[in-house]
Amino acid sequence: MAISQHDDVPVAGLTTGQLARLLGVSPTTLRSWDRRYGFGPAARADGRHRRWSPDDVAMAQEMCRLTATGTPPAEAARTARVRARGSGHGHGPGEPSLEPSAGTDQSPARAGSGLPLGRVRPECRGLARAAVRLDAEEVRELLRQAVTHHGPAVAWEEVMSPALQAVGRKWQSSGDQYVEVEHLLSWHISAALRHYYLDAARTRRTATGLPVLLSCLPGEQHTLPLDVLTAVLGDEGLTVLMLGGSVPADALITAVRRVASLAVVLWAQTGDTADRGLAGRVAEARWGVRGARTRTPVLLCGPGWHPLPDDAGPPELTHVTSLRDAVRRLTGLRQAPPCR
């Protein structure tokens with residue numbers, strides 16, 4: 001049952017799942033609030049299924065508003081109960097207001113998170129709310145659901161990335177505020193994507209084909225985009241060898257020569273770390289037995305790189321413009337002959 005902000009709450013009340021969809025949080029969060037703070041419905045339908053009455057719904061909405069502004073959950077629960085009892089809501093039975101409380105900004109563009117999200121999936125709004133209130137348990141659960149239900153590519157493009165971008169915009173416009181939110185969200189997104197890839201890898205009996213070697217250039221610490229690519233390539237049946245952030249030049253060249261890889265992906269977030277000379281050295285590095293050495297195609301990923309002119313650099317260097325472009329090129333290499 002989909003519920004919008006314009007639907008009346010039935011007199012019989014809402015199930016936990018229905019209320020979770022209405023608020024943009026997970027059922028796990030509502031149950032956690034009940035278990036930790038005694039913040040839950042008292043009524044049960046047929047003695048089994050818990051139902052959230054109109055008064056319960058109003059309290060839950062206030063709880064979400066308070067936690068989104070940074071109020072600790074225990075204090076938010078107490079305050080929400082007091083305000084709900086004292087306000088009377090001003091509505092008849094079964095018709096609580098679903099509008100925001102006075103003096104708050106709960107427009108669809110912000111969705112109770114304080115972040116300028118725009119038009120996004122409900123899962124993204126819920127993720128932003130949880131991140132703003134630093135609810136690590138909820139962030140972890142929402143990310144797990146997103147990658148499980150949508151796959152890593154859609155989860156990144158339509159849930160994770162919009163939330164991260166909104167945090168970044170808020171960070172830039174408000175000084176040092178929201179830095180902790182960005183760090184929490186980034187860490188958990190990275191963890192969710194890595195767990196997804198590793199769990200999928202455990203189900204494969206044997207690795208097939210050459211691995212794709214992923215690496216950040218020296219001085220580059222932004223590994224999250226490579227975590228996204230790792231998870232998506234795993235879904236495509238490719239094996240990944242991830243070297244991580246800020247790999248020294250000599251170590252990178254050594255790894256390329258030691259590993260028979262399908263391709264090398266080099267990530268650069270800024271022009272300061274996009275070392276085109278090093279990329280050329282990687283493209284020229286050869287692996288294999290003497291007399292039959294092979295070079296590996298190199299994909300340049302990230303906003304730090306600028307598109308190469310058609311006649312610039314070795315032919316093994318390819319500029320990649322998006323996640324889907326990288327996946328398309330890498331999966332296509334499975335059928336391509338090696339470079340000699």
Exercise. For Thr16 and Trp52, which heavy atoms make the closest approach, and how far apart are they?
Worked result: OG1-NE1, 3.2 Å

For this session: Quick one: pull up CZ in Arg140 and NE2 in His195 and give me the separation to the nearest 0.5 Å.
Result: 9.5 Å

Problem set entry | Inter-residue atom distance Leu217.CG - Arg276.CZ, 0.5 Å rounding | 11.0 Å

Problem set entry | Sole candidate of Leu229, Leu299, Val247, Thr223 that passes side chain to side chain contact (heavy atoms under 4.5 Å, CB included) when paired with Leu214 | Leu229

Exercise. Hey, what do you get for CG (Asp325) to NE2 (His319), rounding to the nearest 0.5 Å?
Worked result: 9.0 Å

Exercise. After noting the C-alpha distance and the side-chain angles of Arg129 and Arg133, does the key distance pass the side-chain contact (heavy atoms from CB on, under 4.5 Å) rule?
Worked result: CA-CA 6 Å; Arg129 288 193 187 101; Arg133 62 177 184 263; 3.7 Å; yes

For this session: Scan for salt bridge (charged side-chain N to carboxylate O under 4.0 Å, His left out) pairs involving residues 212-227, sequence neighbours excluded, and state none if there are none.
Result: Arg194-Asp227

Exercise. Which distance, rounded to the nearest 0.5 Å, do you find between the CE of Met63 and the CZ of Arg81?
Worked result: 8.5 Å

For this session: Could you check if a side-chain atom of Ile253 sits within less than 4.5 angstrom of a side-chain atom of Leu278, using non-hydrogen atoms only?
Result: yes

Problem set entry | Closest contact, heavy atoms only, Leu19 versus Ala60 | CD2-CB, 4.0 Å

Exercise. Among side-chain atoms of His149 and Glu123, is any donor-acceptor pair under 3.5 angstrom?
Worked result: no

Exercise. Are Leu198 and Leu238 linked, directly or through other ILVMFWY residues, by side chains that come within less than 4.5 angstrom of each other?
Worked result: yes

For this session: Give a yes or no on whether a salt bridge exists between Arg31 and Asp34, defined as a side-chain N under 4.0 angstrom from a carboxylate O.
Result: no

Seminar exercise, completed: Nearest heavy-atom contact between Trp156 and Ile189 is CZ3-CG2, 4.2 Å

Problem set entry | Gln221 side, atom CD; Cys216 side, atom SG - distance, nearest 0.5 Å | 7.5 Å

For this session: Please list all pairs passing the salt bridge (charged side-chain N to carboxylate O under 4.0 Å, His left out) test where one or both residues lie in residues 242-256, with sequence neighbours left out.
Result: Asp250-Arg281

Exercise. Is the shortest heavy-atom distance from the side chain of Val179 to the side chain of His183 under 4.5 Å?
Worked result: yes

For this session: Consider only side-chain N and O atoms of Gln165 and Ser161, and report whether a donor and an acceptor are under 3.5 Å apart.
Result: yes

For this session: State, with a plain yes or no, whether a side-chain heavy atom of Leu226 is found less than 4.5 Å away from one of Leu243.
Result: no

Problem set entry | Carboxylate-amine/guanidinium contact Arg144 Glu141, below 4.0 Å | yes

Exercise. Considering only heavy atoms from C-beta outward, does the side chain of Thr239 approach that of Tyr197 to under 4.5 Å?
Worked result: yes

Problem set entry | Residue pair His222, Thr270: steps toward the side-chain contact (heavy atoms from CB on, under 4.5 Å) verdict | CA-CA 10 Å; His222 292 81; Thr270 68; 5.8 Å; no

Exercise. Is Asp235 close to Pro152 at the side-chain level, that is, under 4.5 Å between some pair of heavy atoms?
Worked result: yes

For this session: Identify the heavy atoms of Asp56 and Arg51 that sit nearest to each other, and give their distance.
Result: OD2-O, 3.9 Å

Seminar exercise, completed: Interatomic distance, CZ@Arg125 vs SG@Cys64, rounded to 0.5 Å, equals 12.0 Å

Exercise. Closest heavy-atom contact between Ser246 and Gly219?
Worked result: OG-N, 3.0 Å

Exercise. Which pair of heavy atoms, one from Leu224 and one from Ser186, lies closest together, and at what distance?
Worked result: CD1-O, 4.4 Å

Exercise. So do the side chains of Met160 and Leu193 get within less than 4.5 Å of each other, counting heavy atoms only?
Worked result: yes

Problem set entry | Chi angles and distances behind the side-chain contact (heavy atoms from CB on, under 4.5 Å) call for Arg324, Glu157 | CA-CA 10 Å; Arg324 295 187 180 274; Glu157 292 172 342; 2.8 Å; yes

For this session: Tell me, with the steps shown, if Leu127 and Leu185 meet side-chain contact (heavy atoms from CB on, under 4.5 Å).
Result: CA-CA 9 Å; Leu127 179 62; Leu185 191 54; 3.8 Å; yes

Exercise. Quick one: are Val265 and Leu330 in side-chain contact, heavy atoms under 4.5 Å?
Worked result: yes

Problem set entry | Student check: side-chain heavy atoms of Val82 and Thr79 closer than 4.5 Å | no

Problem set entry | Linked, directly or transitively: Val154 and Leu143 (ILVMFWY side chains, under 4.5 Å) | no

